[in-house]
Amino acid sequence: MRPPRSATLLATATATATLGLLAATSSLADAGERTAGGGTKQYSVMTYNIGGKPGFTGYALDNGSSCDERAAQIGQHILDMPEQPDILVFAEATGDCYKDGLVKKLHDQGPYRSFIYQLSDGVRFQDSGLMFFSKFPWKLPDDPNGCPEPSLVGEQLEPLGEPVFGQAKGDFQLYGNLASDDRYMEKGIGYACVQHPSTHQVIHVFFTHNQANYWTPADDDTSNFYDKDRRSGMLEAAAFINAKAPAWQTAKLGQAVIFAGDLNTMGDDVAYWINQGDGKVHGSAQEVEQVITPDQVDDLHEYADFIGPSGVLATLAGLRDPWRLDGTAFPGLATFAHWGDGSDDMGFAYDPSALAGTDMGFTWDALRNGQTDRDQFRTRLDYILDRQVTFDGATDCYQHMVVERGFTYVANGSEVEDAYVGMDLSDHYPLRAVIGPWEAQCSPSVAPADVFGATPVTVVNAGAKKWFYYGQPGTYVIDAQTVAALDVHVFAASDLSTDLVPKEGDLQIAPGVFGGEHRENDPVTFKTDGPFFVMVSFADATRTGTFTFNVRKNNCASWHQAIWLDPYDAAHLTMSGSPMVVQSKCYLKLTQDQALATGGDVEVHALVANLRNADGTDTSAKLAMYGHDASTQSSPVPTDTGVTSGDAAELTTKLAPSPDYVYLVVSRGHGTQPINFDVVWTRNVTTIDIRKFTVLNQDDVDGGDEIEIFWSVEDADHDVWPADEDAATANGPANTQLLYYYDGLATGATSKTPIVACLGWCPPELSDPHHINIAFPDALWGFAWEIDDSSPDDPLFHQGIGSKDGRFRITALDPDPWSWIAPAPHGADLIYSKNLWAKFFAYSHGYRLEATRVLAP
């Protein structure tokens with residue numbers, strides 16, 4: 001991982017002139033409206049391929065609702081966004097149904113007063129469904145640096161001396177070389193030009209949908225990769241951009257140039273392919289995902305050829321990729337050399353440890369997106385590129401780029417089938433970029449590294465985001481002294497789109513000063529398992545000024561500095577010693593909020609092992625557990641005390657289910673040297689929470705399309721699977737007969753969000769949530785499905801070409817804490833992977849269950 005470029009905090013910046021505010025407001029009363037520009041220099045852009053293909057293409061995504069309902073839900077999600085985009089571009093809004101629905105929601109009922117309905121008059125699918133919406137005007141009054149005169153559609157009210165809004169025609173160029181089904185989609189590049197109402201900056205927006213790739217790893221013939229057609233399109237796009245927004249003009253006038261859309265190009269020349277269905281063995285297991293790198297497919301260096309620093313768009317149109325340049329760094333392709341061969345966790349984990357510092361930016365994601373079942377790969381296909389210019393003394397900074405994963409179907413009576421509720425609205429995720437003037441710490445790439453203690457931070461431009469980077473896992477307390485509320489977001493370095501949930505506190509720091517015994521204001525505590533970023537900004541996006549930021553990494557030396565420890569999450573810790581301060585205790589926090597489905601207390605095991613002095617000799621310690629209020633007692637009394645034996649200490653107790661935390665305290669046995677040790681706690685109960693399985697209907701030789709789902713919770717001594725895995729039935733011996741649907745398994749169910757979704761008809765029971773918790777080690781939990789249980793029966797568990805049958809089983813989590821502890825040399829960062837379900841090697845529609853634990857000092 002590339003470390004942040006700045007290792008020191010840039011706390012001061014030059015002041016800028018006060019902006020005159022010209023807000024392009026609307027008289028609409030819609031409660032979701034946001035003011036265009038917001039009185040700041042910032043603005044945001046979003047691109048979204050909505051997958052609005054007609055049903056006869058065989059790839060319609062609205063078969064769980066009408067296209068009217070789906071378009072309305074897409075529009076409403078946008079109106080409900082806390083940070084609405086100022087500029088929106090769509091692809092595959094194909095047909096009047098989608099276009100009318102988006103206009104009704106975003107323009108008629110929302111704040112997007114400038115829009116382009118259709119770019120060309122072609123007879124094919126309406127310029128691949130390209131659309132443009134913006135809160136910004138086409139033209140500001142009496143501005144000599146304005147956009148080209150817009151070609152408005154129909155009668156438009158243009159009050160003298162007012163900004164120009166309304167429907168415009170826009171410019172379009174059809175790509176000259178299209179292949180396969182794309183020949184019917186009228187793919188090309190569109191152009192629109194708007195002005196930021198607060199800054200008067202001209203923003204040239206180019207948007208596109210490029211030729212698709214019809215190749216898979218099972219293909220011997222790469223001719224249907226269609227890279228030459230995509231390259232032709234990018235050459236035409238570069239020429240079109242230069243004609244409409246020549247670099248000499250945009251540089252001289254400080255005009256922004258943005259190129260956004262579905263480029264259908266694999267980000268960084270990497271795509272992850274999963275569940276290939278070719279029946280071949282990949283690495284050490286069958287149907288394990290594979291990565292396709294340039295050396296595996298000759299001459300297919302598309303990202304480098306089209307988008308990279310020496311690519312077509314960079315050299316001919318001056319465009320760059322802010323996802324990489326302003327975000328996290330992409331590792332060398334050698335990182336992927338051992339994908340799926342079992343030598344590390346590459347190919348065996350959702351987010352491999354080798355990529356812990358890289359946000360891959362998948363906008364097409366077969367492991368997360370329920371609409372991508374037919375195309376089992378993960379890659380970055382959607383982009384927001386820009387041409388850097390200097391405007392008002394500063395270049396653009398892409399302060400936050402987000403893959404929006406919250407665009408899912410919402411229940412609406414009979415308008416949305418139950419099985420679709422919670423499913424993604426498109427097979428692509430939207431990509432959003434927050435753009436503002438460059439200033440210190442304005443993007444992840446210039447975040448200072450590991451800055452602790454009180455640090456002054458100056459916000460020069462209203463709305464600016466400030467970034468900090470931290471490279472080690474642990475428990476972190478974030479606080480600030482500020483005159484105005486601050487928004488705080490913490491992201492794993494591998495995913496800058498998903499907020500980590502705080503252990504204590506919330507995502508806003510209230511105004512106040514550092515005070516009290518611990519000199520705190522409104523702290524928020526996070527536990528992280530790897531490198532992470534903190535993004536902080538004024539909650540009021542119109543504010544500028546200075547605040548004092550403070551970050552502390554807890555060292556377990558006191559009640560106040562306790563470290564959070566999740567169950568089964570082993571940690572490698574240290575206690576300081578002579579000649580520095582001799583630490584006598586190490587304080588840990590844990591919560592136990594689960595109970596057996598049948599009721600009762602939970603058995604908790606805690607273990608400290610591998611206790612070593614700094615000189616390598618063994619030492620000892622003891623364990624004690626305290627209630628959550630122990631830190632307020634003058635003489636805390638342990639609720640339970642563990643047993644010491646040699647270089648380890650164990651504690652076993654029962655806890656009543658409670659959301660309150662408790663303390664686990666490790667006390668030094670003797671000596672004054674620094675001590676290092678491993679610690680873990682486990683429990684005899686766990687929750688298996690199924691979020692979503694997607695089941696695709698399939699006809700067999702007699703035309704049936706039934707789906708049968710089998711579940712089982714059995715004693716650990718039983719085998720719920722048939723002796724012959726190729727048998728045509730899932731039924732084993734009578735005493736281990738698999739249960740049909742959810743029979744008897746919903747005891748103690750509490751989760752409402754998990755679903756099993758069927759693409760097409762399926763029994764209504766499958767749309768019910770399922771959430772169970774079971775005791776270990778006496779249980780074996782299994783899941784399998786068979787598509788079509790009619791006669792003749794399809795062979796179950798086959799993973800051949802086209803098969804959608806699948807299975808996995810989960811053996812018991814081992815509650816013995818010794819199985820979770822491994823010696824760690826002092827000062828070493830060791831990564832341990834443990835497959836909790838050892839017999840689960842294959843993917844089951846892309847859903848994998850696995851755990852990784854990181855032991856770090």
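What's counted below: heavy atoms across the whole structure, side chains too, no hydrogens, waters or symmetry copies.
- At distances below 3.5 Å, not a single donor-acceptor pair connects side-chain atoms of Thr591 with backbone N or O atoms of Pro659.
- In this structure, the side chains of Leu623 and Val666 come closer than 4.5 Å at one or more pairs of heavy atoms.
- Taking the six-membered ring for Trp and thresholds of 30 and 60 degrees, Trp467 and Phe533 have ring planes more than 60 degrees apart, a perpendicular arrangement.
- Atom CD of Gln561 sits about 10.5 Å away from atom SG of Cys586, to the nearest 0.5 Å.
- In this structure, the separation between CH2 on Trp323 and CG on Asp359 is 4.0 Å, given to the nearest 0.5 Å.
- Asp268 places no side-chain N or O within donor-acceptor distance of the main-chain N or O of Val270, the cut-off being under 3.5 Å.
- Proximity of Ile509 to Val536: side-chain heavy atoms (C-beta onward) are nowhere separated by under 4.5 Å.
- No side-chain heavy atom of Val490 sits less than 4.5 Å from a side-chain heavy atom of Tyr476.
- Judged purely by atom type and a 3.5 angstrom limit, Lys622 has no side-chain atom pairing as donor or acceptor with the backbone of Val665.
- For the atom pair OH of Tyr661 and NZ of Lys589, the computed distance is 4.0 Å after rounding to the nearest 0.5 Å.
- Annotation for Cys556 and Ile563: closest pair CB-CD1, 3.6 Å, computed over non-hydrogen atoms.
- Side chain of Gln481 to backbone of Thr548: no donor-acceptor contact under 3.5 angstrom is found.
- Listed by chain and number, the residues in a side chain to side chain donor-acceptor pair (under 3.5 Å) with Thr672 are Ser578 (sequence neighbours excluded).
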(request) Evaluate side-chain contact (heavy atoms from CB on, under 4.5 Å) for Val534 paired with Phe526, printing each intermediate quantity in order. (result) CA-CA 11 Å; Val534 180; Phe526 289 87; over 6 Å; no

(request) Test Leu496 against Met401 for side-chain contact (heavy atoms from CB on, under 4.5 Å), laying out the working first. (result) CA-CA 8 Å; Leu496 301 187; Met401 297 194 75; over 6 Å; no

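- Judged by distance alone, the side chain of Asn521 and the main-chain N or O of Ala480 form a donor-acceptor pair under 3.5 Å.
- Under the 4.5 Å side-chain criterion, counting only non-hydrogen atoms from C-beta, Phe336 is in contact with Leu355.
- Annotation: Tyr470 is in aromatic contact with Phe452 [ring centroid separation under 6.0 Å].
- You'll find the side chain of Val582 reaches within 4.5 Å of the side chain of Arg668, heavy atoms only.
- Taken to the nearest 0.5 Å, the CG atom of Asp450 stands 7.0 Å off from the OH atom of Tyr469.
- For the residue pair Ala493 and Ala356, the shortest heavy atom distance occurs at CB-O, 3.4 Å.
- Each of Val608, Asp647, Thr619 was scored for a side-chain contact (heavy atoms from CB on, under 4.5 Å) with Phe677, with one residue passing: Val608.
- A donor-acceptor pair is defined here as one N or O able to donate and one able to accept, closer than 3.5 Å; such a pair exists between the side chain of Gln673 and the backbone of Asp615.
- Counting heavy atoms from C-beta on, the side chains of Trp681 and Pro567 come closer than 4.5 Å.
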(message) Let's go through Gln583 and Asn555 carefully: what are the C-alpha distance in whole Å and the side-chain angles of both, what is the deciding distance for side-chain contact (heavy atoms from CB on, under 4.5 Å) to 0.1 Å, and is it a yes or a no?
(response) CA-CA 10 Å; Gln583 182 178 340; Asn555 59 10; 5.5 Å; no

(request) Check step by step if side-chain contact (heavy atoms from CB on, under 4.5 Å) holds for Thr475 and Lys503. (result) CA-CA 9 Å; Thr475 297; Lys503 285 291 189 179; over 6 Å; no

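- Shown here for Gly530 and Pro473, the closest heavy-atom pair between the two residues is N-CB, 3.7 Å.
- Looking only at distances, no side-chain donor or acceptor of Asp499 sits under 3.5 Å from a matching main-chain atom of His489.
- Shown are Asn550, Thr525, Val551, Val524; of these, the side-chain contact (heavy atoms from CB on, under 4.5 Å) with Val477 is made only by Thr525.
- The closest donor-acceptor contact from the side chain of Asn613 to the backbone of Ile675 lies at 3.5 Å or more, if one exists at all.
- Counting only heavy atoms from C-beta outward, the side chains of Trp559 and Tyr626 approach each other to under 4.5 Å.
- Between Glu517 and His560 there is no side-chain heavy-atom pair separated by less than 4.5 Å.
- Separating the SG atom in Cys442 from the NZ atom in Lys465 is a distance of 12.0 Å, to the nearest 0.5 Å.
- Separating the CD atom in Glu650 from the OG1 atom in Thr652 is a distance of 6.5 Å, to the nearest 0.5 Å.
- Judged purely by distance below 3.5 Å, without hydrogens or angles, the side chains of Ser667 and Lys585 pair a donor atom with an acceptor atom.
- Contact record, Thr335 with Ala354: CG2-CB, 3.7 Å, taken as the closest heavy-atom pair.
- Between Phe549 and Phe468, the angle of the ring planes stays under 30°, which puts this pair in the parallel group of the 30/60° scheme.
- Taking both residues in full, the closest heavy atoms of Ala649 and Ala621 are given as CB-O, 3.3 Å, listed atom of the first, atom of the second, then distance.
- When all heavy atoms are compared, the tightest approach of Ser576 to Val581 is OG-O, 2.8 Å.
- Looking only at atom types and distance, the side chain of Arg405 has a donor-acceptor partner in the side chain of Thr498 under 3.5 Å away.
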